[in-house]
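All values derive from a computational prediction rather than experimental measurement. Throughout, protein chains are lettered first and strands after them, A, B, ... in sequence-line order, and every chain is numbered starting at 1. Computed over heavy atoms, backbone and side chain alike; hydrogens, waters and symmetry mates excluded.
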There are 2 protein chains.
Amino acid sequence: MIQVLMVEDHPLVKEGIMAILADEEGINCAGHFYNGTDLLYRLKSFQPDVILMDIDLPDMNGLELCKQVKALYPAVCVVALSINNQAGIIKKMMENGASGYVLKDAAQHEITEAIRTVVKGKQYFSRSASLYLRKADTGKLPPLTRREKQVLEKIADGLTNPQIAEQLFVDVSTVNSHRKNMLAKFGVQNTAALIKLAIKENLI
Amino acid sequence: MIQVLMVEDHPLVKEGIMAILADEEGINCAGHFYNGTDLLYRLKSFQPDVILMDIDLPDMNGLELCKQVKALYPAVCVVALSINNQAGIIKKMMENGASGYVLKDAAQHEITEAIRTVVKGKQYFSRSASLYLRKADTGKLPPLTRREKQVLEKIADGLTNPQIAEQLFVDVSTVNSHRKNMLAKFGVQNTAALIKLAIKENLI
DNA sequence: AAAAAATTCCCCCTTTTGGTGGAAATATAT
DNA sequence: ATATATTTCCACCAAAAGGGGGAATTTTTT
């Protein structure tokens with residue numbers, strides 16, 4: 001019997017998965033939590049085979065939660081669950097130790113398939129998740145540095161180079177350099193396109 | 001017995017709602033569809049009391065589907081179901097004849113409450129939906145005109161005023177006027193902030 | 001310790017954006 | 001038919017962004 005814990009803050013989705021797992025032979029949903037804190041507490045006394053983990057949680061980031069869980073209990077397999085189809089997120093989640101990624105538009109059987117696959121030590125991606133991963137490989141985005149991200153956020157907030165320079169205690173020319181670097185990195189023509197891309201790719 | 005039909009393309013959410021309704025006295029889920037076309041076909045031979053309708057459907061827009069359903073069968077109550085918390089969408093959905101709006105982060109009982117409420121001819125909003133509506137009333141966004149939206153999209157694509165002018169066959173000064181009008185409308189300082197706001201508010 | 005990357009700053013110059021304040025011609029709604 | 005809103009355009013001017021290129025100083029990685 002495969003023991004499963006679930007972290008999912010959407011009651012409707014929770015019920016759906018519960019219903020699917022209840023019908024399934026050999027899989028037992030041993031508990032459900034609405035946030036990461038509760039899960040971490042429960043893990044102290046009980047380690048399941050698999051954790052189904054929503055990455056959009058009220059109290060903490062799924063990426064962070066996954067990393068913590070794997071650091072404390074490396075044997076536990078994490079299957080990420082998300083409406084988020086950003087390829088970047090999927091990749092980061094896998095880097096943080098997740099064994100599978102199932103989008104919420106997945107078919108019923110993909111949930112149980114994912115669980116059965118990851119306990120065997122393999123990785124699993126739902127159909128739609130792998131679609132996005134493939135797209136990501138072709139059009140992978142160059143990473144932003146810490147400073148660039150800071151500048152980018154301030155640009156998105158509507159600050160001008162002089163204003164950003166003041167806030168970051170650097171020269172205007174520095175801010176301008178970062179801005180131009182980012183334009184070049186992403187191959188966009190101006191700030192408008194940069195902001196759009198950044199938001200669509202979940203960078204800000 | 002309240003007869004319910006459901007249109008929902010996410011199997012996980014579908015299962016969740018099915019499970020909730022199955023446990024409920026006096027409510028019968030008489031059918032489920034993965035798209036709007038199938039629902040419309042079914043409605044020819046059977047009209048339920050309530051339709052639970054996801055507004056993000058694969059084949060058509062929920063707003064449009066709701067309008068069509070209400071035009072054909074005014075007696076049927078529509079409860080919109082969405083992960084989308086944009087206040088503008090909620091409002092538009094209600095204008096199109098929906099009787100209720102339940103966000104997918106709603107608690108279980110909110111689904112059944114919604115169904116029982118709308119059949120009595122009242123409106124129902126899930127807790128989180130009404131939160132967003134309240135926010136919308138205080139910080140409501142000025143509407144964009146058709147032309148402004150066109151210009152906005154081209155700005156977001158990284159086009160400059162001269163390029164947009166060429167594409168729309170108008171003078172650069174016209175495009176500039178639209179751009180400046182939008183900045184003023186939304187009370188933002190520059191294009192970067194405009195694009196961010198537009199994307200966050202689902203205008204583009 | 002050496003190599004690579006990130007952060008910082010500089011130059012010059014052109015284009016674009018944004019602020020102010022108009023005004024006329026079409027559409028759209030009442 | 002008459003308001004109202006939209007779309008179109010104008011001028012002037014200051015500020016900001018963007019393109020090209022270079023370079024020194026930290027940090028981080030190997």
salt_bridge([X], [Y]) N-O dist < 4.0 Å:
X	Y	value
A:Lys185	A:Glu148	yes
A:Asp9	A:Lys14	no
B:Lys104	B:Glu8	yes
A:Arg116	A:Glu24	yes

Need one value for [X]: base, sugar-phosphate or nothing, where a base atom within 4.0 Å counts as base even if backbone is also close, heavy atoms only.
X	result
A:Asn176	base
A:Ser177	base
B:Thr145	sugar-phosphate
B:Thr160	sugar-phosphate

Candidates [options] - which lies nearest the side chain of [X]:
X	options	answer
B:Arg147	C:dG18, D:dT8, C:dT17	D:dT8
B:Thr191	D:dC9, C:dG18, D:dG19	C:dG18
A:Asp171	C:dC10, D:dT7, D:dA17	C:dC10

Any luck finding a side-chain donor-acceptor pair between A:Asn28 and A:Gln3 under 3.5 Å?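 The answer is yes; a qualifying pair exists.
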Are a donor atom and an acceptor atom from the side chains of A:Tyr124 and A:Glu113 found within less than 3.5 Å of each other?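 The criterion, which ignores hydrogens and geometry beyond distance, is satisfied for A:Glu113 and A:Tyr124.
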Partners of A:Asp171 by side-chain contact (heavy atoms from CB on, under 4.5 Å), sequence neighbours excluded?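 Residues passing side-chain contact (heavy atoms from CB on, under 4.5 Å) with A:Asp171: A:Ser173, A:Thr174.
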Hey, which of these two, A:Val175 or B:Asn161, hits DNA chain C nearer its 5' end, going by closest nucleotide?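 Between the two, 5'-proximity favours A:Val175.
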The helix from C:dA1-D:dT30 to C:dT30-D:dA1: angle between end helix axes, five pairs per end, rounded to 10 degrees: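 Between the first-five-pair axis and the last-five-pair axis there is 80°.
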A:Val188 vs B:Leu168, nearer the 5' end of DNA chain D by closest nucleotide: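 Going by which nucleotide is closer to the 5' end, it is B:Leu168.
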Which comes earlier along DNA chain D counting from the 5' end, the contact point of B:Asn190 or that of B:Thr174, where each point is its nearest nucleotide?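 Going by which nucleotide is closer to the 5' end, it is B:Thr174.
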When the distance from [atom1] of [X] to [atom2] of [N] is rounded to whole Å, what number comes out?
X	N	atom1	atom2	answer
A:Arg146	D:dT27	CZ	P	11 Å
A:Phe186	D:dG18	CZ	P	15 Å
B:Asn181	C:dG22	CG	P	15 Å
A:Arg179	C:dT16	CZ	P	16 Å
B:Leu183	D:dA16	CG	P	14 Å
B:Ile155	D:dA17	CD1	P	15 Å
B:Ile164	C:dG18	CD1	C1'	14 Å
A:Gln163	D:dA17	CD	P	9 Å

Can you name the residues that form a salt bridge (charged side-chain N to carboxylate O under 4.0 Å, His left out) with B:Lys122, not counting sequence neighbours?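 Listed in chain order: nothing, the list is empty.
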So does B:Lys180 reach the base of C:dG19 with its side chain, donor to acceptor, closer than 3.5 Å?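 Flag set: donor-acceptor pair detected.
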OP1 or OP2 of D:dT8 less than 4.0 angstrom from a side-chain nitrogen or oxygen of B:His178, does that happen here?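 For D:dT8, OP1 or OP2 has a side-chain N or O of B:His178 closer than 4.0 Å.
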